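Quick notes on the structure that follows.
Computed from a predicted structure; not experimentally measured. Convention: sequence-line order gives letters A, B, ...; per-chain numbering from 1.
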Number of protein chains: 2
Amino acid sequence: MSTGNDNRSLKQKKILDCALKIIRDHGDAGLTMRKIADCAGMRLSNVQYYFQSKDDVLAAMVSTYFGECEAELTQVAHSCESLGRPERTHRLISEVLKHGTELSDMCRVFRELWAISSRNDVVSGEMTTYYESLCRVVSNSIVGTEGSSRQKARVGSLLLPFVEGYSITASSLPMTVEEVADMLTELTLGLMDN
Amino acid sequence: MSTGNDNRSLKQKKILDCALKIIRDHGDAGLTMRKIADCAGMRLSNVQYYFQSKDDVLAAMVSTYFGECEAELTQVAHSCESLGRPERTHRLISEVLKHGTELSDMCRVFRELWAISSRNDVVSGEMTTYYESLCRVVSNSIVGTEGSSRQKARVGSLLLPFVEGYSITASSLPMTVEEVADMLTELTLGLMDN
DNA sequence: ACTACTTTAGGTCAAATGACCTAAAACTTC
DNA sequence: GAAGTTTTAGGTCATTTGACCTAAAGTAGT
């Protein structure tokens with residue numbers, strides 16, 4: 001009885017993974033049910049059996065993907081837990097900036113999702129929720145549970161925009177990733193002094 | 001002799017404006033030569049007479065648009081010129097953050113262009129160049145010509161990523177635009193003290 | 001008014017796409 | 001192993017799209 005459901009989940013996951021790959025490489029315009037079927041090694045009709053419409057694929061894909069991204073960041077934050085605040089901060093910042101340095105797979109996907117979210121309410125909602133939890137994870141990780149809510153708000157409101165914007169502008173900046181990470185660490189720590 | 005060329009430029013501009021509108025509202029996938037023709041009030045064949053292919057439209061559109069954006073920011077920077085550094089900084093930052101607060105037309109367009117630039121070398125190149133000059137304009141405006149290149153680099157490397165990222169994450173942040181502008185001004189001014 | 005050049009109108013064509021549909025095959029369950 | 005359910009195969013169909021093509025209309029320059 002389990003194999004049936006497992007197989008179903010597996011196929012659905014496969015479809016969503018393929019959709020993500022295609023979106024990442026060919027954008028919104030390039031995502032078609034047929035390409036998904038090709039990539040997943042199944043028939044078009046079979047993809048449509050699991051997801052009635054293209055929009056259904058998109059919605060499921062986005063939801064899954066944000067979940068995975070949040071889990072990844074939570075994991076990174078957890079791995080910094082034992083360090084002191086300055087090292088913890090620097091480590092976390094370096095880690096998240098790294099994604100934006102070269103045009104990573106994750107960056108490409110997010111660029112597409114930002115575009116889609118301007119004209120898709122479901123995606124837009126998921127995105128807002130995702131960033132809200134991201135903001136919480138980051139500020140809690142750096143400020144810690146003992147910090148004031150004002151400190152958390154300031155740290156989150158500095159880091160979240162910066163990190164996302166860095167993934168867009170990195171190649172145009174007159175500083176290296178390391179220099180930027182150092183500067184941002186310094187600024188973040190400064191936010192908590194006063 | 002002038003009316004002919006004027007008319008030509010006018011029609012081309014009209015086409016590019018329409019392409020921009022369509023991209024902004026319907027994304028890469030929604031941009032078709034026929035929609036452009038409809039919007040511009042001409043025949044498909046006529047659009048194709050001025051721009052042989054869809055890619056040609058896109059390339060011309062991007063180039064024109066970046067030019068307009070840069071001119072706009074230069075204009076804002078110029079209007080702050082007479083103020084002292086703290087007021088100048090705060091004014092410039094408030095002004096550019098405002099764009100990102102609500103999902104403005106400009107934000108929508110940029111979200112699409114970020115996505116397109118991941119898979120289009122022409123657009124990607126124009127984007128990098130655009131951000132490089134933006135970085136110069138902003139850091140020169142704030143630091144001034146007398147400042148060190150290190151100060152300029154730090155100011156540009158803080159503001160450029162932040163502003164672009166803010167346009168993505170604004171709605172998920174726990175602070176108002178005004179609070180964010182104040183904080184960012186404070187941090188930027190601090191960068192030039194030491 | 002004639003000629004050469006530019007611009008517009010209207011249409012064709014092959015390829016791609018999302019949504020449907022039907023029947024066969026593969027499974028559970030009893 | 002029979003009946004019922006889930007999954008897969010294969011196909012159709014209307015629409016849309018970019019690219020082309022040809023002829024007509026418009027616009028100088030002489």
Side-chain angles (χ1 to χ4, degrees), chain A residues 1-62 112 115-116 119-123, chain B residues 1-62 112 115-116 119-123:
Chain A
M1 52 146 286
S2 68
T3 48
N5 270 342
D6 282 3
N7 193 21
R8 186 180 182 86
S9 304
L10 232 64
K11 291 242 162 118
Q12 287 179 328
K13 184 73 173 75
K14 177 94 185 162
I15 289 172
L16 299 183
D17 285 345
C18 287
L20 196 70
K21 259 188 216 147
I22 295 166
I23 278 248
R24 184 236 292 158
D25 293 336
H26 304 98
D28 194 10
L31 182 69
T32 71
M33 295 296 266
R34 280 166 228 263
K35 283 206 194 108
I36 295 173
D38 275 357
C39 166
M42 28 177 124
R43 300 282 162 173
L44 168 63
S45 53
N46 203 8
V47 175
Q48 288 170 325
Y49 169 74
Y50 288 108
F51 297 95
Q52 271 79 356
S53 75
K54 197 178 145 180
D55 276 345
D56 289 345
V57 176
L58 198 67
M61 187 202 77
V62 167
E112 301 296 338
I116 294 172
R119 41 198 155 76
N120 182 317
D121 288 340
V122 178
V123 178
Chain B
M1 52 145 285
S2 70
T3 46
N5 270 342
D6 281 5
N7 193 19
R8 186 182 180 84
S9 303
L10 232 65
K11 290 242 163 116
Q12 287 178 326
K13 185 74 174 77
K14 176 94 184 162
I15 289 171
L16 299 183
D17 285 345
C18 286
L20 196 70
K21 258 187 218 146
I22 295 166
I23 277 250
R24 184 237 292 158
D25 294 335
H26 303 100
D28 193 10
L31 182 69
T32 73
M33 295 296 265
R34 281 164 227 263
K35 283 205 194 110
I36 295 173
D38 275 357
C39 167
M42 27 176 126
R43 298 281 163 174
L44 168 64
S45 52
N46 203 9
V47 175
Q48 288 171 324
Y49 170 75
Y50 287 107
F51 297 94
Q52 271 79 358
S53 75
K54 196 179 147 180
D55 277 346
D56 289 346
V57 176
L58 198 68
M61 186 203 78
V62 167
E112 300 296 338
I116 293 171
R119 42 198 154 78
N120 182 318
D121 289 340
V122 178
V123 178

B:Lys21 and B:Asp25 ion-paired at < 4.0 Å:
no
Phosphate OP1/OP2 of D:dT7: any A:Tyr49 side-chain N/O under 4.0 Å:
yes
Looking only at C:dT17, D:dA19, C:dT8, the nucleotide nearest the A:Lys35 side chain is C:dT17
Does A:Tyr50 make a side-chain N or O approach to OP1 or OP2 of D:dT6 shorter than 4.0 Å?
no
Look at A:Arg43 and D:dG10 and indicate whether a side-chain polar atom (N or O) is within less than 4.0 Å of OP1 or OP2.
yes
Any donor-acceptor pair under 3.5 Å between the side chain of A:Gln48 and the base of C:dA19?
yes
Test your reading of the model: is there a side-chain donor-acceptor pair from A:Lys54 to the backbone of A:Leu31, 3.5 Å cut-off?
yes
Distance from A:Ile36 atom CD1 to A:Met33 atom CE, nearest 0.5 Å?
5.5 Å
What is the distance, to the nearest angstrom, from the NZ atom on A:Lys14 to the C1' atom on D:dT7?
18 Å
For the pair made of CG in A:Asn46 and C1' in C:dA23, what is the distance, rounded to whole Å?
15 Å
Please give me the minimum heavy-atom distance between A:Ile22 and A:Cys39, naming the atom from each residue.
CD1-CB, 4.3 Å
Rounded interatomic separation in angstrom, taking CG from A:Asn7 and C1' from C:dC27
10 Å
Please compare A:Ser45 and A:Ala29 by the position of their nearest nucleotide in DNA chain C and report the one closer to 5'.
A:Ala29
Touch class at under 4.0 angstrom, heavy-atom based, for B:Ile36 against every strand present:
nothing
Nearest whole angstrom, please: distance from the C1' of D:dA19 to the NZ of B:Lys54.
12 Å
Let me know the distance between CD of A:Gln52 and P of C:dC21, rounded to the nearest Å.
13 Å
Residues forming a side-chain hydrogen bond (donor to acceptor under 3.5 Å, both in side chains) with B:Asn120, sequence neighbours excluded:
none
Tell me the interatomic distance from A:Met42, atom CE, to D:dA9, atom C1', rounded to whole angstroms.
13 Å
Decide if atom NZ of A:Lys35 counts as having more than 12 heavy atoms of other residues, nucleotides or ligands within a radius under 6.0 Å.
yes
Could you go through nucleotides 12-16 of chain C and list every protein N or O atom that sits under 3.5 Å from one of its N or O atoms, giving the distance for each pair?
none

Please report, rounded to the nearest Å, how far the C1' atom of C:dA19 is from the CE atom of A:Met33.
9 Å
B:Ile15 and B:Met42: which non-hydrogen atoms are nearest, and at how many Å?
CG1-CE, 3.8 Å
Between atom CG in A:Leu10 and atom P in D:dT7, what is the gap in whole Å?
13 Å
